[in-house]
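Predicted model, so just to flag it, every value in this text is computed and none were measured. Residue numbers start from 1 in every chain, and the chains themselves are labelled A, B, ... in the order their sequence lines are given, proteins ahead of strands.
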There are 2 protein chains.
Amino acid sequence: MNEALEHKLKIRQVRPTAMRLLVLEALEKQASAVSLQDLESAFEKADRITLYRTLKTFQEKGLVHRIEDGTGATKYALCEVGCECAPEDLHVHFHCNNCQQTFCLPKIGIPAFQLPNNFSLQEINLMAKGICAACR
Amino acid sequence: MNEALEHKLKIRQVRPTAMRLLVLEALEKQASAVSLQDLESAFEKADRITLYRTLKTFQEKGLVHRIEDGTGATKYALCEVGCECAPEDLHVHFHCNNCQQTFCLPKIGIPAFQLPNNFSLQEINLMAKGICAACR
DNA sequence: ATAAGAATGCAATACCATTGCAGTCCTGCT
DNA sequence: AGCAGGACTGCAATGGTATTGCATTCTTAT
Ligand SMILES: [Mn+2]
Ligand SMILES: [Mn+2]
Ligand SMILES: [Zn+2]
Ligand SMILES: [Zn+2]
């Protein structure tokens, strides 16, 4: 089917099955991060567990990153090209308390700060909440 | 019983029941944030739901803040004196991937950053993960 | 002492995440 | 092409946490 989509999976060592191509396509259309439920209702046809495992695979292979926005359900968004999900690749996330959407803000890196002595950093997550531009 | 504990509840408009005094006392003893499960096993006697509602009340009245450390269970820690849980009162949290404890770092405020135009900020949460000083 | 309101204990429910297993699809090899 | 092994999928089942309903008990003010 779509050569570009297939390529994106292959370079991340993910075998391009029909389901995965559909999920990747769906993720590319999103302006905000999606939950498993969002995906499930996007394709009436697909099985919830398969979607779950697809997202898990995508995450393990570095295609998407997971976002815990405090709403109870994990959300996912495509990584930027070249992202390795290392602390220096990470960006701020914003959850709108009105429309409940969660956005990646890839332009806004996480500002540096000093940890106490002998603490070593492996991951970092900065979640901001408030009202998004479309909602005010 | 303990006048000081009672006072801490009263100034936050929380009626000082036996259970609440015990929970507050237990929270003060903690070096790291506690989950509902942690509390539950701390007092063999107490009912899980009562503990749940106690923590919820404490949070609503500004005695504790909740911490989503991504482990699935919400954790709670006492607020600093004078804390109003406003964005400027907030601090960084650190979760140790080895001992699984989650620490408040009240000395480390959340660094400022610029949101996109017309986004307004209401809450903010910076969660760092790695290895704590005791574990290395 | 009494009545109203608050807090508690137990049961039930609602979600979301995760795993087990059997059937199906794919891929590489002969 | 035929076959074997591994990967992927679909459905059922399970585990864990959060949340609510309701009846009972406790606390406080009149
Ligand atoms: Mn993101
Ligand atoms: Mn804290
Ligand atoms: Zn919004
Ligand atoms: Zn540790």
Spacing of A:Leu51 atom CG relative to C:dT19 atom C1', expressed in whole Å: 17 Å
Validation row, ring centre A:His91 to ring centre A:His93 under 6.0 Å: yes
Hydrophobic cluster identity match, B:Val64 and B:Leu5, side-chain contacts under 4.5 Å: yes
Short side-chain N/O contact from B:Thr17 to OP1 or OP2 of C:dA7, under 4.0 Å: no
Atom pair NZ (A:Lys45) and CE (A:Met19), whose distance is rounded to the nearest 0.5 Å: 9.0 Å
Separation of D:dA7 C1' from A:Met19 CE (nearest whole Å): 16 Å
Rounded distance (Å) that lies between atom C1' of C:dC16 and atom CG of A:Leu55: 14 Å
Rounded distance in Å - CD (B:Glu60) to P (C:dA6): 13 Å
Minimum-distance nucleotide to A:Asp47 side chain [options: C:dT8, C:dA7, D:dC11]: D:dC11
Between P of D:dA7 and CG of A:Leu9, the distance in whole Å: 17 Å
Gap between atoms NZ and P, on A:Lys10 and D:dA7 respectively (whole Å): 18 Å
Shortest non-hydrogen separation from A:Lys10 to A:Pro16 and the atoms involved: CE-CG, 3.8 Å
Rounded interatomic separation in angstrom, taking NZ from B:Lys45 and C1' from C:dT8: 12 Å
Review item, nucleotides 16-23 of chain D N/O atoms under 3.5 Å of protein N/O:
from	atom 1	to	atom 2	distance (Å)
D:dT17	OP2	B:Gln37	NE2	2.5
D:dA18	OP1	B:Thr74	N	3.0
D:dA18	OP1	B:Thr74	OG1	3.1
D:dT19	OP2	B:Tyr52	OH	2.8
D:dT19	O5'	B:Tyr52	OH	3.1
D:dG21	O6	B:Arg53	NH2	3.0

Short side-chain N/O contact from A:Ser35 to OP1 or OP2 of C:dC16, under 4.0 Å: no
Within 6.0 angstrom of A:Glu28 CD, more than 12 heavy atoms from elsewhere: yes
Length of the CZ-P vector between A:Phe58 and D:dT9, whole Å: 9 Å
Within the 6.0 Å centroid threshold, strictly below: A:Phe94 and B:Phe119: yes
